[in-house]
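These notes concern the structure reproduced below.
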Amino acid sequence: MEIKTKHLEYVYQKNSPFEKRALYNINITIPENSYTAIIGHTGSGKSTLLQHFNGLLQPTSGEIQIGDLVIGSEKKKKGLKSIRKKVGIVFQFPEHQLFEETVEKDICFGPMNFGLSEEEAKIRAKKALKQVGLNEEFLQKSPFDLSGGQMRRIAIAGVLAMKPEVLVLDEPTAGLDPRGRTEIMDMFYSLYKQHGISIVLVTHSMEDASKYADHIIVMHKGTVYKYGTPREIFDSPEELIKLGLDVPESIRFQLKLEEKIGAQIGKQPSISINELTDNILSYLKRGDIQ
Amino acid sequence: MMEKMIFGRYIPVESVIHRMDPRAKLIIVFLFIFVVFLANNPMTYGLLGVFTFIALLLSNIKISFIIKGLRFLFWLILFTFLLHIFFTKEGELLVSWGFIKIYEGGLIQGIYISLRFFFLILFTSLLTLTTTPIEITDGLESLLNPLKKLKFPVHELALMLSIALRFIPTLMDETEKIMKAQQARGVDFSEGSLTTRAKAIIPLLIPLFINAFKRADELATAMEARGYRGGEGRTKYRLLKWDLRDTLALLILIALSVTLILLRN
């Protein structure tokens, strides 16, 4: 399913003393079965933008097209529920949304809201739990007896069990330990690769953005600053640094090294550790390092 | 929905009312609750209306904004109005339609009580709209200070109040967040029968309560870690200052009450 915006604008608390324009002139396309990362400073409008992807927010002007449904600034739209089934959002700190007595019931909550029977939902719960790397023992536990990291996985499982076609993730690994982080990020990546799900990832980690995404959207002060492949985005690291954003560690290392030895190591910034290694090796092979 | 509610919210603009001493504002609002009951004929209600309206104008907040923000309270007013119209049986019979009988007394009572309610709501909202929660509690603490001699826990009360007020916006934000998260999981808060809607509240309330308790715990720890030991010997960063305009405002209110007493039947 494709998501497309046209001159999308969103103003918080329009016509009040608190009026604040959060987004303007957003024109993006999130193609089917793609992995898009949205990066940008806090307050650049990332979270506001992604709430448009399943109709939680409606643009105050312009429009957004989600699959066949077009949502503009007109009054309350019908058919949003079917959209929410297709576009699942994992919000920041999703463990705050847990409420059921058992893990199983909580994971079943979403699917059952969308009309699945209890039996079907339970089958999905088991599967989703496995996907997030937890075993069936957890099904009958109370979500509130678990550790923060486990709660996070349960909450993510709750969204996965809805089997969305597009999965929107708002900093899904914030506050997790490094291992949990890679595990969860790899799991999302395999969903994209093997199940044909589109992923939209909002993140502060440039490593994640460059490693997993095939498109990156750079948001700045409420609008799209730049859009392109990781290669295109990180090709001019200085630009990102000027915006107050980070660049992948491999690029930072390369820049520092180039500065120290006063020579270019590779033809372009290394967006991964592998590329960095290759660049350094080929530089060494050229034999002009002391 | 949440963002449009202005009940209990502070609006940071510059105005005479904003600059008043919170104690003066508290006293005036408190007295106003009684003053409202002085009015009992069109003349006195008119005067009250003019007074409230001028106070609103002075606050430098758009009146349309206030009215819009208080929209949900109008249902309450309408309810009391209808209650009076149908159940007060005084004066001439105006309408008789089956079992519905509307009397003149009921109509007048209904209008008066609704107006009273309306003025009270506007006036008390003016307090919270123009005074930060911190100012309100500081003012309250200072006004209640004499009660300390009677071993009344004034400081603790003020602290509780300020914490409660401080966390209203936080709770609102959180409500909205959880609401969105559950909506994304297919909950519909605005559609369906009354029972389905009531059921939809559960996934909202449980996380809200759990987070509130957690936060209370954390807040207590944080306060202790920063050496909080109760009100004893605690100095204030913000000092309250009673100005000429505060005395003046009080005098105006007294003048209003005297006029009302003279004009009422």
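Per chain, numbering begins at 1; letters A, B, ... match sequence-line order.
Counting heavy-atom pairs closer than 4.5 Å to chain B, the top residue among A/E95, A/H96, A/E100, A/Q92 is A/H96. Most heavy-atom pairs under 4.5 Å with chain A, from the set B/I202, B/I210, B/V13, B/I178: that is B/I210.
Residue-environment remark: NZ (B/K177) stays at or below the threshold of 12 foreign heavy atoms within 6.0 Å. Counted within 6.0 Å of CZ on B/F209, heavy atoms from surrounding residues, nucleotides or ligands total 12 or fewer; the atom is thus considered open. Enclosure of atom CG in B/L251 by more than 12 non-hydrogen atoms of other residues, nucleotides or ligands within 6.0 angstrom is indicated. Counting non-hydrogen atoms of other residues, nucleotides and ligands closer than 6.0 Å to NZ of B/K180 gives a total above 12. By the 6.0 Å contact criterion, NZ on B/K236 is enclosed, its count of non-hydrogen atoms from other residues, nucleotides or ligands being greater than 12. Few gaps surround CZ on A/F144; more than 12 heavy atoms of other groups in view lie less than 6.0 Å from it. When the shell of 6.0 Å around NZ of A/K141 is examined, it contains more than 12 heavy atoms from other residues, nucleotides or ligands. Residue-environment remark: CE (B/M160) stays at or below the threshold of 12 foreign heavy atoms within 6.0 Å.
Using modelled atom types, one side-chain atom of B/Q182 and one backbone atom of A/Q97 make a donor-acceptor pair closer than 3.5 Å.
Below 4.5 Å, heavy atoms of chain B meet no heavy atom from residues 121-134 of chain A.
Using a 4.5 Å cut-off between heavy atoms, A/K85 does not touch chain B at all. Contact annotation for A/Q51: only side-chain heavy atoms (C-beta onward) come within less than 4.5 Å of a heavy atom of chain B. At a 4.5 Å heavy-atom cutoff, the contact between A/L57 and chain B is made by side-chain atoms alone. Neither the backbone nor the side chain of B/L208 comes within less than 4.5 Å of any heavy atom of chain A. Contact of A/F93 with chain B is not made at all, since no heavy-atom distance falls under 4.5 Å.
Across all their heavy atoms, A/F114 and B/G186 have their closest contact at CZ-CA, 3.3 Å. Between A/M162 and B/R185, the closest heavy-atom pair is SD-CA, 3.8 Å. Nearest heavy-atom pair across B/P203 and A/F109 is CG-CZ, 3.6 Å.
Using a 4.0 Å cut-off between charged nitrogen and carboxylate oxygen, B/D188 and A/R84 do not count as a salt-bridge pair.
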